[in-house]
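Structure, as structure tokens:
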Amino acid sequence: MSQIYDRVAYIGLGLIASSMIHAGRRAGLQRVIAGTARSAGTRAIARQDGLCDIVTETAAEAVADADLVVLCVPVGAMGAVAAEIGPHLKPGATVTDVGSVKRAVIDAVGPHLPEGVNFIPAHPLAGTEHSGPRSGFAELFDNRYTLIVPAGEVDPVALAKLERFWIGMGANVETMEPDHHDLVLMVTSHAPHLIAYTMVGVADDLRRVTDSEVIRYSAAGFRDFTRIAASDPTMWRDVFLNNKDATMEILGRFIEELMRLQRAIRKGDGDLLFDYFTHTRAIRRGIIEAGQDTADADFGRGRNRDKGGA
Ligand code: NAP
């Protein structure tokens, strides 16, 4: 891959930004990387580690002269960041984001961007439960999907460049409409996180199960829930607050399904349970066949880096 942008600016230097920086360097996708983060601590780490070529004190300074600006902050912070950088963007620049929710980000960011700037939201479907500038790695996006979610009419040249940028970082790229994105992601990522948070909360509440037993015997299922439930609290608070409609819709359906299974168990309806679990097993096989997970019995834990994502 060769250089796509001259200067790329990252606002927010956590897991996703640092992974993009490593992946972008691996493929030589930009000449200069500028970056900034909210706290002095994160900026100091970025300087110390040489994460960016230039670390600025403010977002306004970071975006000056940038051809691509990537917003990598929690969904609830996107609007305020856009308001800060809006007046300082280079004409013709592309602004993108990596937020896990798209409609709310489009509504929050769009109004702050001046004429002549291309706003092309995106969402990489890759992540881990870790956060911060030292949690990123170049392989995070390899063979994972990044959804490009245009908010209306976009310049086809700017769109093609952003697609090439993500492909250069190892991703498979698809475009999707914002509301559809929010519903699909609610099913595939957001609701499972909510269920994991709840399940771990339930185990914590069950005084019958001592702490040591929960930890010692957490092999089956529960351990995966605890990993998901360790995800960043700010990020996930913002995901649910900004994807309320889809959350309500999917939670309603989830509760109906749960009650169906509850009824089958109460009535001893083994056929229903067997058919249900046979169907869900086929869904798991489909994911493995699509190359989006491993069939290893340990869920690929040996690789030490899960790429569940949000
Ligand atoms: P992260 O590791 O927690 O990093 C977040 C960054 O945003 C940090 O640099 C933080 O600055 C900065 N930040 C936090 N609150 C801010 C505020 N109010 N104003 C300005 N900056 C702020 O998060 P991440 O996992 O990279 O997530 C970033 C975005 O990617 C989120 O929108 C998330 O929805 C999306 N995403 C996450 C995943 C995932 O699995 N983690 C996957 C796909 C997409 P400090 O370090 O100074 O606090």
Side-chain angles (χ1 to χ4, degrees), residues 9-23 33-49 51-52 55-63 69-85 95-106 108-109 112 121-137 140-141 144-149 166 169 171 176 181-182 184-186 188-190 192-193 196-197 227-243 247 305-310:
Y10 288 91
I11 313 301
L13 294 171
L15 168 72
I16 300 297
S18 58
S19 295
M20 290 180 74
I21 290 169
H22 293 308
I33 296 170
T36 192
R38 173 184 53 170
S39 69
T42 299
R43 296 196 296 273
I45 290 172
R47 284 194 188 101
Q48 199 180 326
D49 294 0
L51 184 63
C52 308
V55 177
T56 64
E57 292 298 298
T58 66
E61 291 168 86
V63 304
V69 175
V70 193
L71 309 182
C72 299
V73 298
V75 166
M78 297 275 182
V81 168
E84 184 189 344
I85 63 171
V95 174
T96 187
D97 77 291
V98 296
S100 307
V101 175
K102 297 282 46 120
R103 176 58 69 192
V105 169
I106 290 166
V109 170
H112 298 292
H123 180 197
L125 306 187
T128 75
E129 70 277 26
H130 303 296
S131 23
R134 287 189 168 139
S135 59
F137 51 100
L140 181 66
F141 310 111
R144 314 305 297 202
Y145 281 96
T146 288
L147 301 175
I148 309 266
V149 188
W166 274 108
M169 288 188 287
M176 199 178 266
H181 166 278
D182 288 356
V184 168
L185 264 291
M186 179 49 65
T188 57
S189 167
H190 305 170
H193 274 78
Y197 279 124
R227 183 186 60 72
I228 297 172
S231 299
D232 189 68
T234 305
M235 170 183 155
W236 284 98
R237 178 202 62 195
D238 284 7
V239 165
F240 293 114
L241 292 183
N242 289 281
N243 199 8
T247 305
R305 280 169 167 174
D306 193 275
K307 294 186 185 175

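Given the structure is predicted, the values throughout are model-derived calculations rather than measurements. Counting starts at 1 for both ligands and their atoms, following the listed order. Numbers here are sequence positions counted from 1.
- Looking at A126 against ligand 1, only its backbone comes within 4.0 Å, counting heavy atoms.
- Between the side chain of N243 and the backbone N or O of D182 there is at least one donor-acceptor pair closer than 3.5 Å.
- With ligand atoms numbered from 1 in the order given, ligand 1 contributes 1 (P), 2 (O), 3 (O) to contacts under 4.0 Å with heavy atoms of S131.
- Taking every non-hydrogen atom of V98 and a distance limit under 4.0 Å, the qualifying atoms of ligand 1 come out as 29 (C), 30 (O), 35 (C), 36 (N), 44 (C).
- The proximity of M235 to ligand 1, defined as any non-hydrogen pair under 4.0 Å, is limited to the side chain.
- The shortest N/O to N/O separation between H130 and ligand 1 does not fall below 3.5 Å.
- In terms of polar-atom proximity, defined here as any N/O pair under 3.5 Å, T42 does make such a contact with ligand 1.
- Only the backbone of C72 comes within contact range of ligand 1, with a heavy atom under 4.0 Å; no side-chain atom does.
- The proximity of L15 to ligand 1, defined as any non-hydrogen pair under 4.0 Å, involves the side chain as well as the backbone.
- Polar contact with ligand 1: absent for A77 (N/O pair, distance under 3.5 Å).
- Every atom of ligand 1 with a heavy atom of G99 under 4.0 Å away is listed here by number and element: 32 (O).
- In this structure, the side chain of R43 does not engage the main chain of T36 through any donor-acceptor pair within 3.5 Å.
- Between the side chain of S19 and the backbone N or O of F137, at least one donor-acceptor pair lies under 3.5 Å.
- Heavy-atom contacts of G14 reach the following atoms of ligand 1: 1 (P), 2 (O), 4 (O), 9 (O), 26 (O) (cutoff under 4.0 Å).
- Separation of atoms CG (L51) and CD1 (I21) is listed at 4.0 Å; rounding is to 0.5 Å.
- Taking any N or O of A37, backbone or side chain, none lies under 3.5 Å from an N or O belonging to ligand 1.
- Side-chain contact between M78 and V73 is present, with heavy atoms from C-beta onward closer than 4.5 Å.
- Using a 4.0 Å cut-off between heavy atoms, T128 contacts ligand 1 through its backbone alone, with no side-chain atom that close.
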Can D238 and V101 be said to form a side chain to side chain contact (heavy atoms under 4.5 Å, CB included), step by step? CA-CA 9 Å; D238 284 7; V101 175; over 6 Å; no
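- One distance of note links CE of M186 with OG of S100; it measures 10.5 Å at 0.5 Å rounding.
- Proximity of a side-chain donor or acceptor of Y10 to a complementary backbone N or O of I16 within less than 3.5 Å is not detected.
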Check step by step if side chain to side chain contact (heavy atoms under 4.5 Å, CB included) holds for L147 and L185. CA-CA 11 Å; L147 301 175; L185 264 291; 4.0 Å; yes
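- Taking the six-membered ring where tryptophan is involved, the planes of H193 and W236 are essentially parallel, since the angle between them stays under 30° and well short of 60°.
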If you apply the rule side chain to side chain contact (heavy atoms under 4.5 Å, CB included), what do you find for V109 with D97, and how did you get there? CA-CA 9 Å; V109 170; D97 77 291; 5.9 Å; no
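- Around atom 10 (C) of ligand 1, the closest heavy atom drawn from R38, M20, H123 belongs to R38.
- Counting heavy atoms under 4.0 Å from ligand 1, residue M78 touches it through the side chain alone.
- Short contacts between ligand 1 and P124, defined as distances under 4.0 Å to a heavy atom of the residue, involve ligand atoms 43 (C).
- In terms of N/O distances under 3.5 Å, ligand 1 is approached by G132.
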